[in-house]
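Quick caveat, the model's predicted, so the values are computed rather than measured. Note that the numbering runs from 1 along the sequence shown for the chain.
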Amino acid sequence: MGLLQDKLAKYDLPQQYMAMGVYPYFRTIDSHQDTEVLMDGKKVLMFGSNAYTGLTYDKRIIEAAKAATDKYGTGCAGSRLLNGTLDIHVELEKELAEFVGKDDALCFSTGFTVNEGVIPQLTGRNDYIICDDRVHASIVDGRRLSFSTQLKYKHNDMADLEKELQKCEPDAIKLIVVDSVFSMEGDLANLPEIVRLKKKYNASIMVDEAHGLGVFGKQGRGVCDHFGVTDDIDLIMGTFSKSLASIGGFVAGDASVINWLRHNARSYIFQASNTPAATAAAREALHIIMNEPERQQRLWDITNYALKKFRDAGFEIGETESPIIPLYVRDAEKTFIVTKMAFDEGIFINPVIPPACAPQDTLVRVALMATHTKQQVDYAVEKLTKCFRELGVIE
């Protein structure tokens, strides 16, 4: 192990930041996830969660998870292909398909394994997978498992996407895979223009709605619905670990494609099926989102309030159009330091450094929930302004 340890030590940046006392990862939370959490014995405002709808401690969801555990037990002890399909799995798939406007859906045990299992099964050796250069790591890993030609276009650059499409053989499958909301920057994919190029070049589109569901569109149906392009999107993927307050993921599309994936997606047929509790929790969260549009409105009210406050305070927040607000630092060490400073002020935020972003684009990521208050946002803006000024990031 000597050579291995020596090689890894060269790249062990976490050790350097641990020595500096600013290592920000794997911090232990001692309470349930909410706008305020308990960490290291003190209360901290949570601005690092993806629970946009604020449902992770909703009593209705907790009771649904308990009831499913009482009825089905704690696990399925097998894959969906064999002994692991429960009636609630099938019911949730039907409801999700209807929710996002597709024929059928397939539920996986995590969102990551949706992209990891689906993408490699959609194209062959003579086909193409084309991605925005800032897609999520799960999409990157999924396309790496494919034997197809891999192409990338500059972030949200539709002229560059068209150049990549022009490189493809006309009769080959050309699969464009893109996030609807980019998870670090908070901006949206230009889905209307991607659809136009799809039709021009006879391509197909898969959209990752992980950060769009529950946030955009009618009743939280996502960015595809927001732009009115659902019918032109071939596959819609989503996760349960954000707005749906659980763990798992799904893909929805035409019945024939979903049936193909049901029998060929390796991370589906060789993975243990999702727990009864997680499945029931996601289903109950879906019902709440559909029946409580005021929750989505509260999310947008606090989002618009926070966007204005951060801009007025002089922060660089890029092109975000969502509850994800990037505060650009553009220096990796300062990014970690300001994260520690914010925590000392009682604010939990997430640092974003390579490979999650380009080296020149390091940032801290503020994420909002429907349950945040204006007073909490005001406090965060005040304290983060103080921290950023002390480091000379803003004036």
Side-chain angles (χ1 to χ4, degrees), residues 100-106 112-182 187-210 212 222-238 249-268:
V100 299
K102 293 299 174 186
D103 292 343
D104 200 0
L106 203 61
F112 198 103
T113 54
V114 177
N115 287 333
E116 193 176 51
V118 169
I119 294 170
Q121 296 302 325
L122 298 175
T123 58
R125 289 183 181 274
N126 299 317
D127 299 323
Y128 302 86
I129 298 174
I130 310 167
C131 297
D132 187 293
D133 65 8
R134 294 187 190 174
V135 292
H136 189 262
S138 59
I139 296 175
V140 174
D141 284 6
R143 65 176 174 79
R144 283 174 175 170
L145 292 171
S146 171
F147 293 108
S148 303
T149 300
Q150 315 281 315
L151 300 173
K152 292 190 292 184
Y153 61 93
K154 297 173 186 175
H155 179 55
N156 255 344
D157 187 329
M158 297 297 98
D160 198 43
L161 171 56
E162 184 159 21
K163 287 179 183 177
E164 296 303 319
L165 285 165
Q166 289 169 347
K167 296 176 183 178
C168 303
E169 292 294 330
D171 295 333
I173 295 173
K174 298 167 283 292
L175 178 67
I176 303 168
V177 188
V178 66
D179 298 76
S180 66
V181 182
F182 291 91
D187 55 338
L188 307 187
N190 188 347
L191 291 183
E193 183 63 11
I194 293 173
V195 166
R196 186 188 71 81
L197 292 172
K198 163 197 166 163
K199 294 177 179 178
K200 182 176 179 179
Y201 292 95
N202 192 26
S204 301
I205 304 173
M206 177 176 171
V207 175
D208 182 330
E209 285 273 27
V223 178
C224 296
D225 181 83
H226 169 74
F227 282 124
V229 297
T230 297
D231 291 345
D232 294 307
I233 305 301
D234 298 276
L235 287 163
I236 293 175
M237 173 271 179
F250 73 95
V251 63
D254 292 342
S256 60
V257 176
I258 296 301
N259 192 52
W260 166 263
L261 293 170
R262 185 177 286 114
H263 294 89
N264 290 278
R266 292 170 65 84
S267 63
Y268 177 79

For the residue pair [X] and [Y], establish whether any side-chain heavy-atom pair is separated by less than 4.5 Å.
| X | Y | answer |
| --- | --- | --- |
| K152 | R143 | yes |
| V135 | V140 | yes |
| V177 | I119 | yes |
| T123 | T149 | no |
| L175 | D127 | no |

Donor-acceptor contacts, no H, no angles, side chain residues 225-237, under 3.5 Å, sequence neighbours left out:
unit_1, atom_1, unit_2, atom_2, d
D225, OD2, K218, N, 2.7
D234, OD2, K198, NZ, 3.1
D234, OD2, I205, N, 2.8

Start with the C-alpha gap between F250 and V100, add the side-chain angles, then the distance that decides, and say whether side chain to side chain contact (heavy atoms under 4.5 Å, CB included) holds. CA-CA 11 Å; F250 73 95; V100 299; 4.1 Å; yes
Apply side chain to side chain contact (heavy atoms under 4.5 Å, CB included) to residues C131 and V178 and explain how you reach the verdict. CA-CA 6 Å; C131 297; V178 66; over 6 Å; no
Does any pair with a residue in [range] pass ring pair (Phe, Tyr, Trp, His ring centres under 6.0 Å), and if so which ones, sequence neighbours excluded?
| range | answer |
| --- | --- |
| residues 161-180 | none |
| residues 129-154 | none |
| residues 155-176 | H155-F182 |

Reported [atom1]-to-[atom2] distance for the pair [X] and [Y], which is rounded to 0.5 angstrom:
| X | Y | atom1 | atom2 | value |
| --- | --- | --- | --- | --- |
| L197 | N202 | CG | CG | 13.0 Å |
| I173 | S204 | CD1 | OG | 7.0 Å |
| S148 | I130 | OG | CD1 | 10.5 Å |
| R266 | N264 | CZ | CG | 10.0 Å |

Pair up each side-chain donor or acceptor in residues 252-261 with any protein partner under 3.5 Å, not counting sequence neighbours, and list the distances.
unit_1, atom_1, unit_2, atom_2, d
N259, OD1, R262, NH1, 3.4
W260, NE1, Q121, O, 3.1

Quick one: side-chain hydrogen bond (donor to acceptor under 3.5 Å, both in side chains) partners of [X], sequence neighbours excluded?
| X | result |
| --- | --- |
| S267 | none |
| N115 | S138, D208 |
| K163 | none |
| Y201 | E162, Q166 |

Kindly write out the residues that satisfy side-chain contact (heavy atoms from CB on, under 4.5 Å) with D157, not counting sequence neighbours, or none if the list is empty.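 Scan of D157 (side-chain contact (heavy atoms from CB on, under 4.5 Å), adjacent residues dropped) gives K154, A159, D160.
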Pair listing, side-chain hydrogen bond (donor to acceptor under 3.5 Å, both in side chains) test, anchored in residues 167-178, at least two apart: E164-K167
Of all heavy-atom pairs between [X] and [Y], which one has the smallest distance, and what is that distance?
| X | Y | answer |
| --- | --- | --- |
| A203 | L165 | CB-CD2, 4.3 Å |
| V223 | G212 | CG2-CA, 4.2 Å |
| G142 | P120 | O-CG, 3.2 Å |
| V114 | G249 | CG2-C, 3.7 Å |

Check: [Y] main-chain N/O paired with [X] side-chain donor or acceptor under 3.5 Å:
| X | Y | answer |
| --- | --- | --- |
| S180 | V207 | no |
| N156 | L188 | yes |
| Q150 | I129 | no |

Tell me, please, which residues at least two apart from R196 pass salt bridge (charged side-chain N to carboxylate O under 4.0 Å, His left out).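 E193.
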Given side chain to side chain contact (heavy atoms under 4.5 Å, CB included), test C224 with E209 step by step and report yes or no. CA-CA 8 Å; C224 296; E209 285 273 27; 3.3 Å; yes
